[in-house]
Amino acid sequence: MGVINLTPDSFSDGGQFLDPQAALAQARRMLAQGADMLDLGAESTRPGAAPVDAAVEIERLAPLIRAIRAESDAPISVDTMKPQTARACIAAGATIWNDVTALRHAPDSLQVAADLGCEVVLMHMQGEPATMQQAPVYADVVGEVADFLAARAAAAMAAGVARERIWLDPGIGFGKHPTAHNLPLLANLDRIVALGFPVLLGASRKQFISAVAGPAPADARLGGSIAAALAGAAAGVAAVRVHDVPQTLQALKVWAAIAGAR
Ligand code: HH2
């Protein structure tokens, strides 16, 4: 899954794809490079990011979704916590609602997801984006994330979302200490996979890479991003959400070929 942020302030690609033509060019490039799907966001979730109205999100996302849809059938995911934005983007041709709040942001999120009949990504986050990194606390991070995701999947199904439309995501970096919480999650992804839903892993360019391997700006964390993607592949995740498509795909292909030659 190739990530494109139509934001001025995303931590990894903020400002690069706010221009609609630049975003469309990046979408074409990622699909040509072998991305199976795209994830488009118009509001950064990093701590301190400026909130974005649903109307602005829709203005940024819907024309791009229509333009991609005019030339490709690839699944398009929209990264938003707002039901209005999800509704407008699904109408424009998106197929997946990627919600970092696991459909908890608005009282009608679960119902809107069920009504839209789209796929949903339910992601774990402790706290709220603005403050989530201040003091995340867990007694058992893997168990708590797994229990949360199982409970949100049950809530989605109870609201009418079909089981086969649900993805789960451990939310690397969302209310997690860079090493004390992210590393056990990455080491135990098989326990999230064992819940029986396709798992999406988003570790690309995240801060834990600097915490482990030494400071590096977001666009110089490719090696660490690939290491995390391979850990995900080994655990059986269904998709990895990445900023660097061709390099990740090359690593996954070589890893799979080696695994297949056993
Ligand atoms: N990570 C980010 C945003 N959305 N969605 C899912 N399902 N999983 C993730 O791990 C995830 C996500 C953060 O990365 P990015 O989009 O590059 O940055 P920003 O939130 O600053 O736009």
Side-chain angles (χ1 to χ4, degrees), residues 1-18 23 26 30 35 37-52 56-57 60-61 75-82 85-86 89 94-105 113 118-126 128-130 132-133 145 148-149 152-153 156 166-176 178 181-182 185-186 189 192 197-210 217-222 224-225 228-229 231-232 237-245 248:
M1 171 186 273
V3 185
I4 308 175
N5 288 306
L6 289 82
T7 60
D9 55 354
S10 284
F11 81 95
S12 56
D13 61 357
Q16 270 182 276
F17 306 116
L18 202 47
Q26 179 69 348
M30 284 179 154
M37 50 188 166
L38 299 174
D39 183 51
L40 312 177
E43 178 179 52
S44 173
T45 48
R46 77 177 168 75
V52 177
V56 174
E57 276 190 313
R60 290 180 187 166
L61 293 167
I76 300 173
S77 149
V78 57
D79 186 350
T80 183
M81 52 180 94
K82 301 187 198 75
T85 305
C89 291
T95 46
I96 306 170
W97 179 2
N98 172 22
D99 185 356
V100 299
T101 74
L103 302 176
R104 292 177 301 157
H105 178 69
C118 59
E119 292 175 60
V120 295
V121 179
L122 305 175
M123 196 198 78
H124 176 273
M125 167 166 55
Q126 186 180 88
E128 301 290 323
M132 65 188 178
Q133 288 308 102
V145 169
F148 170 89
L149 292 174
R152 293 312 295 163
I166 297 175
W167 296 69
L168 303 180
D169 183 329
I172 299 299
F174 284 83
K176 317 276 185 329
H181 300 146
N182 289 319
L185 279 171
L186 287 165
L189 288 168
I192 311 293
F197 297 87
V199 172
L200 173 66
L201 177 66
S204 180
R205 298 188 178 184
K206 285 188 176 168
Q207 209 261 325
F208 79 92
I209 296 168
S210 281
D219 64 358
R221 297 178 187 160
L222 177 59
S225 303
V237 305
V240 285
R241 179 184 181 278
V242 304
H243 302 83
D244 301 286
V245 168
T248 309

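Both counts, for ligands and for their atoms, begin at 1 and track the order of listing.
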**Prompt:** Would Ile96 and Val121 satisfy side chain to side chain contact (heavy atoms under 4.5 Å, CB included), going step by step from the backbone distance to the final call?
**Reply:** CA-CA 7 Å; Ile96 306 170; Val121 179; 3.8 Å; yes
For the 3.5 Å polar cut-off, considering only N or O atoms, please tell me whether [X] and ligand 1 meet it.
X      : value
Asp39  : no
Lys206 : yes
Phe11  : yes
His243 : yes
Thr7   : no
Gly202 : yes

**Asked** Rounded to the nearest 0.5 Å, how far apart are CG of Asp79 and CD1 of Ile4?
**Response**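 CD1 of Ile4 is found 12.0 Å from CG of Asp79.
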**Message:** Please report the interatomic distance CD(Gln126) to CD(Gln133), rounded to the nearest 0.5 Å.
**Reply:**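 These two atoms lie 9.5 Å from each other.
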Nearest-contact summary for [atom] - protein heavy atom, Å:
atom                    : value
atom 20 (O) of ligand 1 : Thr45 OG1, 2.5 Å
atom 16 (O) of ligand 1 : Arg241 NH2, 2.8 Å
atom 21 (O) of ligand 1 : Ser44 OG, 2.6 Å
atom 22 (O) of ligand 1 : Ser10 OG, 2.4 Å
atom 5 (N) of ligand 1  : Asn98 ND2, 3.1 Å
atom 4 (N) of ligand 1  : Asp79 OD2, 2.7 Å
atom 6 (C) of ligand 1  : Asp169 OD2, 3.2 Å

Would you say the side-chain atoms of [X] pair up with the backbone N or O of [Y], donor to acceptor, closer than 3.5 Å?
X      : Y      : value
Asp39  : Arg241 : no
Asn182 : Gly173 : yes
Asp13  : Asn5   : yes

Within a distance under 4.0 Å of any heavy atom of [X], pick out the atoms of ligand 1 and give their elements.
X      : value
Leu200 : 7 (N)
Val121 : 7 (N)
Val100 : 4 (N), 5 (N), 12 (C)

**Asked** Passes side chain to side chain contact (heavy atoms under 4.5 Å, CB included), Val237 versus Ile192? Steps please.
**Response** CA-CA 9 Å; Val237 305; Ile192 311 293; over 6 Å; no
**Asked** Can Arg205 and Asp244 be said to form a salt bridge (Lys or Arg N to Asp or Glu O under 4.0 Å), step by step?
**Response** CA-CA 9 Å; Arg205 298 188 178 184; Asp244 301 286; 2.9 Å; yes
**Asked** Heavy atom of Ser12 under 4.0 Å from ligand 1?
**Response**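 Heavy atoms of Ser12 do come under 4.0 Å of ligand 1.
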**Asked** Phe174: heavy atom below 4.0 Å from ligand 1, yes or no?
**Response**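 Judged by the 4.0 Å heavy-atom criterion, Phe174 does count as contacting ligand 1.
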**Asked** Are Glu43 and Lys82 close enough, and set up right, to give a side chain to side chain contact (heavy atoms under 4.5 Å, CB included), and what steps lead you there?
**Response** CA-CA 10 Å; Glu43 178 179 52; Lys82 301 187 198 75; 3.1 Å; yes
**Message:** For a side chain to side chain contact (heavy atoms under 4.5 Å, CB included) check, start with the C-alpha distance between Thr95 and Met37, then their side-chain angles and the critical distance, and finish with the verdict.
**Reply:** CA-CA 10 Å; Thr95 46; Met37 50 188 166; over 6 Å; no
**Sole residue of Leu122, Thr85, Thr80 in side chain to side chain contact (heavy atoms under 4.5 Å, CB included) with Trp97** =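 Considering Leu122, Thr85, Thr80, a side chain to side chain contact (heavy atoms under 4.5 Å, CB included) with Trp97 is found only for Thr80.
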